[in-house]
Amino acid sequence: MQVGNTAYVLGCAALVMLMTPGLAFFYGGMVRAKSVLNMMMMSVVCLGVVGLVWVLGGFSLAFGDSTGGLIGNLDLAGLRDTTTVVGGDAGIPLQVFAMFQLMFAVITAALLSGAVADRARFWPFALFIALWTVLVYVPLAHWIFAFDGFVGESGGWMANTLGALDFAGGTAVEINSGASALALALVLGRRRGWPQQPMRPHNLPAVLLGAGLLWFGWFGFNAGSALAAGAVAGNAFVTTMTASAAAVLSWLALEHRLDGRPTSLGAASAAVAGLVGITPACGYVDTFGALAIGLLAGVVCQLAIRLKYRLGYDDSLDVVAIHGVGGLLGMLMLGFVATNAVNDAGADGLLYGGGPAQLGKQVVAVLATAAFAFGVSFLLAWLIRATIGFRVDAEIEAEGIDEAEHAETAYDYTPLTTTGRSLGAARTEETTG
């Protein structure tokens, strides 16, 4: 066992865990003040729900020996045989690898909350996440992350039979969350009053704080996927920074051109779009490939947000446009800008002397992921809506979800008083004698 690699992956897992509270701030600031706690709670509960599902059987089904390349087994349920070392030369203990992968599952589930902001009941959402983790995330993780011989003897079809490239989750995390979010948004329907009524973010500083935490944690997400502190991890770190920086500038330039001003919400969204786009590619492209992906992500994801108003689906916080479209862009761009020069486990894309075969593999992976995630997520959401109900009542939606679902509010608007006088008046009297 290589102690250095173990410490490296543990540190990266901690960074990725930070992304979930970061997402809570990011999403919480984007909604109206009357539902911010509910929005943040839907991120926090994923740590509990997905954490237990993963330890009890999710990890084993995702990374255990494969059945037909579709799903693993339960030999590792409860994280048994925790002294096992996996990953060949990397020498990562099974527990460490399992916890690193858990953080991927948690943040992917939390992303879905952005599609149903301001209108979803808390416990039905938690139930949806538990079922969705087992029935959607776990199979997709097995398909693309379970390499033959890494944990079990056999792994998933997308990585081992098809040969699609996905370094850190363009399929299982990004396209999956985008397609699943679209299904949720369609089943729950539009927010009442959308798009006629303005539903502006109530706290842009919180949005920027959340984006910063996400950007910070994403280095662990992408560079940590190398599972060793070496050249591939270093390249993933560089390309992650490059793509996100490029996305910020291209997004703000387009936003200024179309709307007359660059905005803080645009900058935060742009950073995430660039991070999403580079996620599947960070370990397979060089700096110039990352630059191209980032520039495109800043433009394409912004245009995709604008498109939702024409198509009429209410993906409240733009999970589809940023994660779904951004992940699709990154996966397809691998067919053009991947290069063996940075990772001999990858391939050469069309612009680096390769043929069209890799692009074709990327297309198959994208279509299979989107179709599977959307179909199963739609069915799960529909079943929950039809049985226990998924959406809050119209009166609660109008007044705000926080008090109805959690008996709390994020902000106390009641004036503070001292013996019947306002606190401000009392302090004024004290200071003026």
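The residues of the chain are indexed from 1 along the displayed sequence. Predicted model only: the values in this text are computed from it and were never measured.
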Could you check whether the rings of Phe104 and Phe145 sit parallel, tilted or perpendicular, using 30° and 60° as the cut-offs? perpendicular

Indicate, with yes or no, if the rings of Phe63 and His142 have centres closer together than 6.0 Å. no

Point-to-point distance, once rounded to the nearest 0.5 Å, from CG of Leu186 to OG of Ser377: 11.5 Å

With a 4.5 Å cut-off on side-chain heavy atoms, are Glu174 and Leu328 touching? no

Tell me whether Asn235 contacts the main-chain N or O of Cys282 through its side chain, where contact means a donor paired with an acceptor under 3.5 Å. yes

With side-chain contact (heavy atoms from CB on, under 4.5 Å) as the criterion, how do Phe100 and Ser225 come out once you've worked through the C-alpha distance, each side chain's angles and the decisive distance to 0.1 Å? CA-CA 9 Å; Phe100 180 67; Ser225 293; 4.1 Å; yes

Is there a donor-acceptor contact under 3.5 Å from the side chain of Arg391 to the main chain of Val187? no

Assert yes or no for the condition that the ring centre distance of Trp143 to Phe372 is strictly below 6.0 Å. yes

Donor-acceptor under 3.5 Å (Arg119 side chain, Leu188 main chain): no

To the nearest 0.5 Å, what is the distance between CZ (Phe59) and CG (Leu61)? 11.0 Å

Is the side chain of Asp318 donor-acceptor paired with the backbone N or O of Ile305 at a distance under 3.5 Å, no angle test? no

Any side-chain heavy atom of Ile129 sitting closer than 4.5 Å to one from Leu112? yes

Would you confirm whether the ring centroid of Trp215 sits within less than 6.0 angstrom of the ring centroid of Phe26? no

From Leu23 CG over to Ser113 OG, what is the distance, rounded to the nearest 0.5 angstrom? 6.0 Å

Under a 3.5 Å cutoff, is there a donor and acceptor pairing between the side chains of Ser154 and Ser66? no

Under the rule for salt bridge (Lys or Arg N to Asp or Glu O under 4.0 Å), what residues qualify as partners of Lys34, not counting sequence neighbours? none

Over 60° means perpendicular and under 30° means parallel, so classify the ring planes of Trp132 and Tyr137, tilted if in between. tilted

Return the set of residues passing salt bridge (Lys or Arg N to Asp or Glu O under 4.0 Å) with Arg192 (not counting sequence neighbours), or none when no residue passes. Glu397

Go through the steps to decide whether Gln358 and Leu334 satisfy the test side-chain contact (heavy atoms from CB on, under 4.5 Å), and finish with yes or no. CA-CA 8 Å; Gln358 190 60 48; Leu334 275 167; 5.9 Å; no

Donor-acceptor contact below 3.5 Å, side chain Thr279 vs main chain Leu275: yes

State, without any angle test, whether Thr339 and Asp286 hold a side-chain donor-acceptor pair at a distance under 3.5 Å. no

What's the spacing between Ile401 CD1 and Met41 CE if we round to 0.5 Å? 12.5 Å

pair Leu111-Tyr27: side-chain heavy atoms closer than 4.5 Å: yes

Is the side chain of Asp166 donor-acceptor paired with the backbone N or O of Gly169 at a distance under 3.5 Å, no angle test? yes

Between Asn343 and Tyr284, is there a donor-acceptor pair closer than 3.5 Å when you use the side chain of the first and the backbone of the second? no

Check whether any side-chain heavy atom of Tyr313 sits under 4.5 Å from a side-chain heavy atom of Arg190, and report yes or no. no

Charged N to carboxylate O under 4.0 angstrom, Arg32 versus Asp118? yes

Nearest 0.5 Å, what's the OG-CD1 distance between Ser244 and Ile278? 10.0 Å

Other residues, nucleotides and ligands only: do more than 12 of their heavy atoms fall within 6.0 Å of CZ on Phe128? yes

Heavy-atom donor-acceptor pair, Thr239 side chain to Ala236 backbone, under 3.5 Å: yes

Who pairs with Asp259 by salt bridge (Lys or Arg N to Asp or Glu O under 4.0 Å), at least two apart in sequence or on another chain? Arg306

Per side chain to side chain donor-acceptor pair (under 3.5 Å), Asn38 is matched among Glu408, His406, Glu405, Arg121 by His406

Would you check if Trp251 and Val299 make a side-chain contact, meaning some heavy-atom pair closer than 4.5 Å? no

side-chain contact (heavy atoms from CB on, under 4.5 Å) between Leu227 and Tyr8: does it pass, once the steps are laid out? CA-CA 8 Å; Leu227 300 179; Tyr8 174 74; over 6 Å; no

ring-ring contact (aromatic ring centres under 6.0 Å, His included) for Trp194 and Tyr309? Distances and angles first, verdict last. CA-CA 10 Å; Trp194 184 90; Tyr309 295 96; 5.5 Å; yes

Any side-chain to backbone donor/acceptor pair from Ser60 onto Asn73? Under 3.5 Å, distance only. yes

Side-chain contact test, heavy atoms from C-beta onward, threshold under 4.5 Å: evaluate it for Leu127 versus Pro124 and give yes or no. no

What do you reckon, is CE of Met99 surrounded by more than 12 foreign heavy atoms closer than 6.0 Å? yes

Quick check for you: to the nearest 0.5 Å, what is the distance between Met40 atom CE and Phe25 atom CZ? 4.5 Å

Minimum heavy-atom distance Gln362-Gly335, with the two atoms named: CG-N, 4.2 Å

Check the pair Leu295, Leu291 against side-chain contact (heavy atoms from CB on, under 4.5 Å), reporting the backbone distance first and the verdict last. CA-CA 6 Å; Leu295 290 172; Leu291 180 63; 4.1 Å; yes

Are the aromatic rings of Tyr352 and Phe336 close, with centres under 6.0 Å apart? no

Measure the acute angle between the ring planes of His323 and Trp218, then classify it against the limits of 30° and 60° as parallel, tilted or perpendicular. parallel

Donor-acceptor pair, side chain of Ser250 and main chain of Ala247, under 3.5 angstrom: yes

Tell me whether Lys308 is salt-bridged to Asp315, with the criterion being a basic N under 4.0 Å from an acidic carboxylate O. no

Validation row: Leu296, Met333 side chains within 4.5 angstrom (heavy atoms): yes

Could you tell me if the side chain of Asn176 sits less than 4.5 Å from the side chain of Thr171, heavy atoms only? no

